[in-house]
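The structure under discussion appears below in the form of structure tokens.
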Amino acid sequence: MLYDVQMTVNGQAVSGKVEARTLLAQFIREHLRLTGTHVGCDTTQCGCCVVHVDGVAMKSCTMLAVQAEGKAITTIEGLAAEDGTLHPMQQAFRDHHGLQCGFCTPGMVMMGVDIARRLPGADEKTVRHQLEGNICRCTGYQGIVEAIIDGSAKINAVRS
Amino acid sequence: MHNFNYHRASDVAGAAALLKDVDDGKLLAGGMTLLPTLKNRLAAPSDLIDLAGVSDLKGISIEGDEVVIRAMTPHAVVAASHEVATAIPALAALAGGIGDPAVRHRGTIGGSVANADPAADYPAAIVGLNATVVTNQRSIAADDFFLGLFETALRPGEIITSVRFKNPSRAHYLKFRHPASGYAVVGIMVAQYASGVRVAVTGAGPSVFRVSAMEAALDKSFTPKSIADIAVSADQLMGDIHCSAEYRAHIVKVYARRAVEALTA
């Protein structure tokens with residue numbers, strides 16, 4: 001049996017027919033062809049699949065597409081401005097070399113934006129703890145932590 | 001993951017009726033344990049009944065000397081709650097240490113308590129803070145709720161609606177955290193009430209348990225010294241790839257003392 005799902009993804013209304021067991025990550029990647037959201041571990045540990053669901057960071061590999069019915073989803077593709085200007089968090093990752101192979105980066109950036117929202121002014125220790133659910137095997141995290149602190153400062157400066 | 005039928009419940013009675021109607025139904029709360037379990041094909045229910053749309057299962061309230069947390073309230077909401085942080089800071093801290101931030105945004109207290117994972121944090125809060133688990137059928141006292149490994153007093157078709165925590169005069173939760181999973185290798189809730197001290201241990205045994213020798217000693221004298229020599233037997237504790245039963249017994253002793261130190265410093 002297939003289920004109709006409707007949600008908003010990066011500001012666009014989308015719909016589809018999915019199996020009950022279709023994961024939100026699969027729906028985003030395979031149905032919508034938004035392949036910026038990565039699946040690293042498929043076991044809720046690595047955080048490569050983090051997207052925002054109604055503005056809150058969640059692991060899209062551990063959520064069914066049908067559970068996202070009526071929700072507003074933001075993926076990594078939805079962060080930059082239409083003219084291609086990077087989101088402040090993306091720019092911060094670029095400035096601080098917060099990536100190497102890039103596989104974990106979409107999840108790191110989405111979690112970074114979530115940290116900036118919840119914990120403005122978070123210090124290095126807090127940011128490191130907040131990244132417990134996002135695994136990077138290349139960088140040693142230093143550049144990622146610096147990028148999130150800087151990106152968060154820029155996001156919150158615009159807000160205030 | 002094997003396929004299944006998906007239902008969206010709009011109220012508790014509807015969810016209970018669906019659960020009764022279908023062949024082998026399971027309730028879906030936050031899904032932070034259930035969905036990984038299904039992915040591993042360790043379970044293959046015929047139907048999932050999603051409780052996310054049941055609005056009266058969400059929220060936190062203070063009722064007399066109790067903190068009431070409704071079953072579908074996510075860990076992140078408990079951790080960030082001003083009411084919880086004011087009434088029982090140890091409970092807010094416990095919720096804020098479960099899993100990782102993205103998991104805390106979805107995982108719920110009702111799901112965690114119903115699942116009764118031996119290494120979950122909430123069982124230490126339920127038993128340590130002398131909570132009452134409220135279901136669609138009855139109220140269950142903490143000491144009667146957890147029966148064993150992944151086993152609770154819940155009957156088939158019974159749905160947790162809220163958990164009521166009794167405010168202690170002081171309480172502290174200390175966890176020896178597994179560095180990769182975030183689960184409790186050992187987690188200890190020490191709580192002091194007018195009626196006595198409660199010491200609840202999660203992670204160490206097949207199910208949460210109280211340490212009555214420590215409780216009696218702390219009732220007489222609430223000091224780290226009074227329990228410094230009280231050992232817990234390793235016989236009933238778990239040994240696995242992470243550490244031995246003897247190691248867990250040692251951590252129980254050390255962490256209980258440190259929890260009391262934190263409360264008396």
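Only heavy atoms go into these numbers, but all of them, side chains included; no hydrogens, no water, no symmetry mates. Every chain is numbered from 1 and lettered A, B, ... according to where its sequence line falls, protein lines coming before strand lines.
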query: B:Asp50 versus chain A, heavy atoms under 4.5 Å apart: side chain, backbone, both or neither?
result: side chain

- request: Would you kindly say whether B:Thr135 and B:Glu158 are connected by a side-chain donor-acceptor distance under 3.5 Å?
  value: yes

message: I want to know whether B:His75 and B:Tyr122 have ring centres closer than 6.0 Å.
response: yes

- request: Against chain A, label B:Asn40 side chain, backbone, both or neither, depending on which of its atoms sit under 4.5 Å from a heavy atom there.
  value: neither

- prompt: What about B:His178 and B:Tyr183, are their ring centers closer than 6.0 Å?
  reply: no

message: With rounding to the nearest 0.5 angstrom, report the CE to CD1 distance, A:Met7 to A:Ile73.
response: 6.0 Å

message: I need the A:Gln26 CD to A:Asp42 CG distance, nearest 0.5 Å.
response: 8.0 Å

- request: Using a strict 4.0 Å threshold on nitrogen-to-oxygen distance, state whether B:Arg70 and B:Asp56 make a salt bridge.
  value: no

Contact leader toward chain B among A:Asn134, A:Val56, A:Val66, where contacts are heavy-atom pairs under 4.5 Å: A:Val66

query: Between B:Tyr6 and A:Tyr3, what is the ring plane arrangement, given parallel below 30°, perpendicular above 60°, and tilted in between?
result: perpendicular

field: Contacting moiety of A:Asp114, where chain B heavy atoms sit under 4.5 Å
entry: side chain

statement: Between the CG atom in B:Leu51 and the CD1 atom in B:Ile160, the distance rounded to the nearest 0.5 Å is 10.5 Å

query: What parts of residues 95-109 of chain B touch chain A if we use heavy atoms and a cut-off under 4.5 Å?
result: B:Gly99, B:Asp100, B:Pro101, B:Ala102, B:Val103, B:Arg104, B:His105, B:Arg106

- prompt: Taking only residues two or more places apart in sequence or in another chain, which ones pass side chain to side chain donor-acceptor pair (under 3.5 Å) with A:Thr44?
  reply: A:Thr62

- request: Side chain from CB out, backbone as N, CA, C, O: work out which of these in A:Met63 comes under 4.5 Å of a heavy atom of chain B, or both, or neither.
  value: both

- prompt: Measuring heavy-atom distances to chain B, does A:Leu64 have an atom under 4.5 Å in its side chain, in its backbone, in both, or in neither?
  reply: both

field: Residue list, side chain to side chain donor-acceptor pair (under 3.5 Å) with A:Thr126, at least two apart or on another chain
entry: A:Asp123

- prompt: What are the residues of residues 8-28 of chain B, in order of number, with any heavy atom under 4.5 angstrom from a heavy atom of chain A?
  reply: B:Arg8, B:Leu28

message: As an exercise, state the distance from OG1 of A:Thr85 to CD of A:Gln91, rounded to the nearest 0.5 Å.
response: 9.0 Å

query: Tell me, side chain or backbone of B:Leu48 under 4.5 Å from chain A's heavy atoms, or both, or neither?
result: side chain

message: Just verifying a value: how many Å separate A:His52 NE2 and A:Met110 CE, rounded to the nearest 0.5 Å?
response: 4.0 Å

task: Please tell me if the side chains of A:Asn10 and A:Thr75 come closer than 4.5 Å, counting only heavy atoms from C-beta onward.
output: yes

query: Do you know which of A:Gln67, A:His129, A:Glu132 has the most heavy-atom pairs under 4.5 Å to chain B?
result: A:Gln67

